[in-house]
*Asks:* 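The structure under discussion is supplied below as structure tokens; questions concerning it will follow.
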Amino acid sequence: MPTITLPDGSRRSYEQPITAAQLAADIGPGLAKAALAARIEGTVRDLSSTIDRDCAVALITPRTRDRGVDADALQLIRHSCAHVMAEAIAKLFPHAKLVYGPPLDTGFYYDISFEGGRAISTEDFPAIEAEMTRIIGENRPFTRCELSLRDGLDKLRAEGSKFKLDNAERAREAGSTTLSWYATGVPGTNWEDLCRGPHVPSTGRIGAFKVMSLASSYWKGDETLDRLTRVYGTAFATAEELAAHLTQLDEAKKRDHRVLGKQLRLFHIDEMVGQGLILWTPNGSIVRQELQNFISDELRKQGYTQVFTPHIGKLDLYRTSGHFPYYRESQYPPVIEHEQMAALAKEGCSCGELANRLEKGEIDGYLLKPMNCPHHIRIFASSPHSYRDMPVRLSEFGTVYRWEQSGEIGGMTRVRGFTQDDAHLFCREDQVAQELLGCLSLVKLIFGTLGMNEYRVRVGLRDSDSAKYVGDPKNWGKAEDACRTAARTLGVPFSEEPGEAAFYGPKIDFVVKDVIGRSWQLGTVQVDYNLPERFDLTYVGADNQAHRPVMIHRAPFGSMERFIGCLIEHFAGAFPVWLAPEQVRVLPISEKSATYARELHSALVAAGLRAGIDEGNERIQGKIKDASEMKIPYLAVVGPRDAEGRKVSVRAFGTEANLGEIGFDAFVEGLTGEARSRGAETLRSRMGT
RNA sequence: GCCACCGUAGCUCAGUGGUAGAGCACACCCUUGGUAAGGGUGAGGUCGAGGGUUCAAUCCCCUUCGGUGGCUCCA
């Protein structure tokens with residue numbers, strides 16, 4: 001005799017157990033029609049679930065009561081659509097073995113093995129979609145059936161799918177006592193799939209869908225196991241929402257830093273130069289230089305000193321630091337001197353032998369530096385330090401090289417050579433907390449100045465099971481505590497993630513998403529008790545004894561490449577004045593105003609602004625269009641009227657109309673102020689708009 | 001590294017087993033026009049590279065380099 005509490009607080013009592021579908025019908029026909037599933041005591045269940053005891057129930061419909069999209073409903077639709085897609089593929093590819101098909105934030109996928117038969121290709125999508133449309137059109141019910149664990153496993157063994165059997169085994173390990181199947185239609189007659197559910201009541205309730213793309217994956221994410229084909233799709237409650245989603249993807253593409261990088265000529269990647277090696281073109285170099293100037297100003301204020309170090313160092317340096325050979329896989333191979341090379345060739349030294357002898361230290365060579373810290377450590381070690389000099393803060397825009405897997409490289413966000421806005425702080429143990437705060441405030445200042453507020457903070461800790469970390473567990477404990485404490489002072493939520501630490505110490509990372517939803521680590525602050533020990537670094541304490549400093553590694557941008565890649569997307573290429581490669585362009589209405597236009601242009605350049613002038617013979621509309629395509633923040637339109645009044649007609653990027661007129665000198669001053677203040681004072685505020 | 005797809009003019013992209021086309025950009029000419037494209041003419045390509053099949057390959061096959069989406073990895 002269940003009494004059911006609904007989300008509005010009202011209660012309904014029933015004499016008999018009741019299904020969620022019946023409950024919906026009892027509340028109203030509209031709800032019965034719209035309901036996809038029920039949230040029973042917070043758990044999403046099929047509409048066919050029976051309610052036999054007192055509980056709280058909310059019926060799930062595509063729309064929430066405030067007409068927003070219900071996230072659970074979307075998951076149900078997508079998960080159900082994954083089944084429909086799998087059924088369609090299974091029909092068209094009888095040899096396909098289904099593995100696993102979960103919903104995602106933006107859609108769903110199904111991992112499928114096509115081993116021993118024709119592989120799927122994007123050309124098959126129309127046929128798959130047609131079959132899916134047919135299945136959905138038949139509006140067959142999703143029918144759940146349950147078997148005991150034993151019967152279920154027997155059934156799977158009989159079917160002979162090792163993948164599904166493995167899924168079931170894992171369900172057992174997770175404590176399930178039964179296994180469930182969902183048939184699209186009549187069990188035993190229609191297609192069915194091992195699945196925990198829940199699902200929408202019938203295939204017709206999947207509103208609009210699209211098969212999106214193909215990718216490969218590994219069974220259980222393990223590259224030593226079977227390679228699977230992952231088919232991605234997406235589904236929404238309505239065709240309008242699907243269309244909006246696809247439009248949004250198109251829009252995102254236009255903001256993609258790789259697209260804008262070409263359009264705005266910010267950087268170039270050249271296959272003749274090499275994969276993952278960024279060539280900074282003049283426009284991009286301006287953005288980078290401005291950002292470097294910005295951070296350099298801050299570093300001076302915070303008592304950093306600047307150093308320069310070479311791009312390579314001897315292998316012994318990296319043997320001591322631990323970079324070589326433990327991270328050999330992610331480094332460019334060592335560089336060997338001429339004579340050594342000649343001697344080795346004469347001996348007929350094999351590749352394997354060479355690697356061995358490099359590792360053992362029998363042959364020396366140089367490494368393209370994968371990190372800047374060893375060089376900075378040697379600078380610190382090059383002179384004695386008193387506790388009074390600490391902390392020593394060495395900063396460098398240091399370029400490092402890493403051998404990233406070819407399939408991972410792309411755009412500016414994952415590259416093989418990149419410049420870190422790096423610094424290493426050598427401090428006394430009692431200074432660690434204070435220094436960490438300084439580093440974090442620097443990161444916050446940068447993100448704040450650029451208006452990048454959508455980031456998450458990750459405290460990367462050691463995974464105690466992994467052998468990749470160097471150093472004493474006691475030191476790790478201290479360093480991890482220091483990171484946690486510092487992260488708490490940030491005033492933003494953070495997550496602790498074991499296994500995300502650097503090999504020498506824990507870290508606090510700032511992570512942002514790109515336009516296609518991938519996460520990238522930008523700024524990072526890392527505490528390190530290990531490298532000072534490996535290099536036997538010391539300073540003289542008040543007690544006249546040698547003490548071990550603690551190191552902090554920090555890079556508030558992370559790398560210039562990745563940061564600017566993300567920054568391009570953040571601004572959609574429309575940089576604020578202080579960063580814009582071309583800050584203002586003077587557009588004379590016609591040749592009649594050329595002299596005045598040139599005078600204005602000269603004045604802007606003399607004021608230190610990056611100003612252009614368009615003296616082409618196009619009409620003003622065309623000049624505005626060209627300048628808008630380059631996303632230039634300000635346009636100075638000057639014609640006879642302006643020349644006469646010694647004024648400038650101003651147009652800002654992204655505005656429909658012009659901002660009005662302003663005097664010649666006020667315009668130059670206003671722009672200079674906006675650039676110099678990095679956006680704190682704007683020309684627009686000066687013009688009163 | 002793995003799987004799928006892609007690679008044609010500076011850019012965005014059509015196209016075909018018989019050695020190529022558009023728009024934009026570029027150059028020149030006309031036009032001197034007040035807030036997102038005035039008109040004309042012209043130049044520009046070893047169809048990513050190498051090999052194979054074929055009388056003939058940009059197109060089909062293989063290899064390779066590069067890109068994209070994922071997987072795996074990421075100090």
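Each chain gets a letter, A, B and so on, in the order its sequence line appears, and its residues count up from 1. Because the structure is predicted, anything quoted here is derived from the model rather than measured.
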*Asks:* May I ask you to verify if any side-chain N or O of A:Gln521 is less than 4.0 angstrom from the OP1 or OP2 atom of B:C74?
*Replies:* no
*Asks:* At less than 4.0 Å, is any side-chain N or O atom of A:Lys623 found next to OP1 or OP2 of B:A37? Yes or no.
*Replies:* no
*Asks:* If you measure only the distance, is there a donor-acceptor pair under 3.5 Å linking the side chains of A:Ser649 and A:Asn658?
*Replies:* no
*Asks:* Does a side chain donor of either A:Asp528 or A:His553 reach within less than 3.5 Å of an acceptor in the other side chain?
*Replies:* yes
*Asks:* Report yes if at least one side-chain N or O of A:Arg619 is closer than 4.0 Å to OP1 or OP2 of B:A37; otherwise report no.
*Replies:* no
*Asks:* Please determine whether a side-chain nitrogen or oxygen atom of A:Arg227 lies at a distance below 4.0 Å from atom OP1 or OP2 of B:G1.
*Replies:* no
*Asks:* Measuring to OP1 and OP2 of B:G34, would you say a side-chain N or O of A:Arg651 lies under 4.0 angstrom away?
*Replies:* no
*Asks:* If I pick the P atom on B:A57 and the same atom on B:U19, what distance separates them, to the nearest angstrom?
*Replies:* 11 Å
*Asks:* Return yes if the base of B:G33 and the side-chain atoms of A:Asn617 contain a donor-acceptor N/O pair under 3.5 Å, otherwise no.
*Replies:* no
*Asks:* Would you please confirm or rule out a distance under 4.0 Å between OP1 or OP2 of B:G69 and any side-chain N or O of A:Arg258?
*Replies:* yes
*Asks:* Can you tell whether the side chains of A:Lys314 and A:Asp316 come within less than 4.0 Å, N to carboxylate O?
*Replies:* no
*Asks:* Any side-chain N or O of A:Ser406 below 4.0 angstrom from OP1/OP2 of B:G1?
*Replies:* yes
*Asks:* So A:Ile624, base contact, sugar-phosphate only, or nothing? Heavy-atom distance under 4.0 Å.
*Replies:* base
*Asks:* Just checking A:Leu249: base, sugar-phosphate only, or nothing, at a heavy-atom cut-off of under 4.0 Å?
*Replies:* nothing
*Asks:* Measure from NZ or CZ of A:Arg78 to the centre of the six-membered ring of A:Phe108 and say whether it is under 6.0 Å with the direction within 45° of the ring axis.
*Replies:* no
*Asks:* Classify A:Gly517 by what it touches in the nucleic acid, base, sugar-phosphate, or nothing, heavy-atom distance under 4.0 Å.
*Replies:* nothing
*Asks:* Tell me which nucleotide among B:C2, B:G69, B:C73 gets nearest to the side chain of A:Ile516.
*Replies:* B:G69
